[in-house]
Colleague: 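Supplied in structure tokens, the structure appears directly below.
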Amino acid sequence: MSDHHTRTSKFLSYVLRHEPQSIGLTLDSEGWADLDALIDGARASGQQLDRALIHAVVAGNDKKRFALSDDGKRIRAVQGHSTQAVAIAYEARTPPAMLYHGTATRFLASILAEGLRPGQRHHVHLSENLATATEVGRRYGEPVILGVDADAMHAHGFAFFQADNGVWLTEQVPVAFLHRLPDA
Ligand code: HQG
């Protein structure tokens, strides 16, 4: 992605996941925003967006963070929300036996005491592969990977969901289902 696309992607993440009201935008409970309202609200707050730029950012996004509606009139972030305006009704799905969560070493003591919590977001985010988990962890410092025994959690009745971009979501992970992986 070019710098311009990366900046636009960060702006879209901010308004579509966290602070839609900052540009006077309304999201429905599934996270959808009207594309014209997004463009107008952005312009009023000094961000120049147009349909071509938005389409390019959605299509080229490294993590497929955004989706356009079939009629092209609406856009949403597919996961990662913190705004209480949104409560996507993800369909529960059987997870793979093992999932991974990348975090930073400085969070380990707390996580191994109280389990994984969603923080500001609506869910704990998990991935199917170690490389992704490592990159996620690196955002906050020296990365460390936790294995999540998703199979056992699922057998104990914990629900798992998968966003359209493949990220696995669950509400929390108790310590009993977590183990630290040896450093790569
Ligand atoms: C940590 C990115 C202390 C948790 C990624 C994480 C992901 C605890 C941080 C998506 C804790 C929350 C989400 C506890 C969890 N004590 N720390 N009990 N439980 N934590 O950013 O998973 O680029 O909200 O380990 O790819 O890092 O935004 O979650 O370090 O999919 O599209 O608290 O964000 O995607 O941080 O990342 P975050 P995350 P995007």
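Note that the numbering runs from 1 along the sequence shown for the chain. Read the numbers this way: they start at 1 and go in the same order the structure lists the ligands and their atoms.
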Colleague: Among all protein heavy atoms, pick the one closest to atom 29 (O) of ligand 1 and tell me residue, atom and distance.
Modeller: R121 NE, 3.8 Å

Colleague: What protein heavy atom sits nearest atom 4 (C) of ligand 1, and how far away is it?
Modeller: H101 NE2, 3.4 Å

Colleague: Is a donor on one side and an acceptor on the other found under 3.5 Å between the side chain of H101 and the backbone of G137?
Modeller: no

Colleague: Could you see which bit of R117 sits under 4.0 Å from ligand 1, with heavy atoms only: side chain, backbone, both or neither?
Modeller: both

Colleague: Return yes if some donor-acceptor pair links the side-chain N/O of S13 with the main-chain N/O of S9 below 3.5 Å, else return no.
Modeller: yes

Colleague: Tell me the nearest of R139, R65, H125, H123 to atom 37 (O) of ligand 1, using heavy-atom distances.
Modeller: R139

Colleague: Should you measure from each heavy atom of F107, which atoms of ligand 1 turn up under 4.0 Å away?
Modeller: 17 (N), 30 (O)

Colleague: So, 4.0 Å and heavy atoms of Q120: is ligand 1 close enough to count as a contact?
Modeller: no

Colleague: List the steps and the verdict of side-chain contact (heavy atoms from CB on, under 4.5 Å) for F160 and R93.
Modeller: CA-CA 6 Å; F160 285 81; R93 215 174 258 192; 5.6 Å; no

Colleague: Nearest to atom 35 (O) of ligand 1, what protein heavy atom do you find, and at what distance?
Modeller: K63 NZ, 3.6 Å

Colleague: Enumerate the atoms of ligand 1 whose separation from the nearest heavy atom of Y140 is less than 4.0 angstrom.
Modeller: 21 (O), 27 (O), 30 (O), 36 (O), 38 (P)

Colleague: Find the distance between CG (L116) and CG (L146) and round it off to the nearest 0.5 Å.
Modeller: 6.0 Å

Colleague: Return yes when E135 approaches ligand 1 closer than 4.0 angstrom through a heavy atom, no otherwise.
Modeller: no

Colleague: Of all the atoms in ligand 1, which lie at a distance below 4.0 Å from a heavy atom belonging to T103?
Modeller: 4 (C), 25 (O), 30 (O)

Colleague: Show which atoms of ligand 1 fall inside a sub-4.0 Å distance from at least one heavy-atom site of L116.
Modeller: 15 (C), 19 (N)

Colleague: Kindly indicate whether the side chain of Q162, heavy atoms from C-beta on, has any atom under 4.5 Å from the side chain of E91.
Modeller: no

Colleague: With side-chain contact (heavy atoms from CB on, under 4.5 Å) as the criterion, how do L38 and I54 come out once you've worked through the C-alpha distance, each side chain's angles and the decisive distance to 0.1 Å?
Modeller: CA-CA 10 Å; L38 168 65; I54 293 172; 4.0 Å; yes

Colleague: Hey, is G115 one of the residues with a heavy atom under 4.0 angstrom from ligand 1?
Modeller: yes

Colleague: Using modelled atom types only, decide if a donor and an acceptor are shared between the side chain of S2 and the backbone of H5 within a distance under 3.5 Å.
Modeller: yes

Colleague: Starting from atom 11 (C) of ligand 1, what is the nearest protein heavy atom, named by residue and atom, and what distance separates them?
Modeller: I111 CG1, 3.4 Å

Colleague: For ligand 1, which atoms have a heavy atom of R17 less than 4.0 angstrom away?
Modeller: 28 (O), 32 (O), 40 (P)

Colleague: When you measure from atom 33 (O) of ligand 1 to the protein, is at least one non-hydrogen atom found at a distance under 4.0 Å?
Modeller: no

Colleague: Can you report which non-hydrogen protein atom sits closest to atom 3 (C) of ligand 1, along with the distance?
Modeller: S110 OG, 3.2 Å

Colleague: Which ligand 1 atoms does E114 reach within 4.0 Å, using its non-hydrogen atoms?
Modeller: 14 (C), 16 (N), 18 (N)

Colleague: Judged by atom type as modelled, is there a donor-acceptor pair below 3.5 Å linking the side chain of R121 to the main-chain atoms of Q79?
Modeller: no

Colleague: Please check this pair: side chain of H18 against backbone of Y14, looking for a donor-acceptor N/O pair closer than 3.5 Å.
Modeller: no

Colleague: Answer yes or no: is there a donor N or O on one side and an acceptor on the other, between the side chain of Q172 and the main chain of V124, under 3.5 Å?
Modeller: no

Colleague: Between S127 (side chain only) and L99 (backbone N and O only), is there a donor and an acceptor less than 3.5 Å apart?
Modeller: no

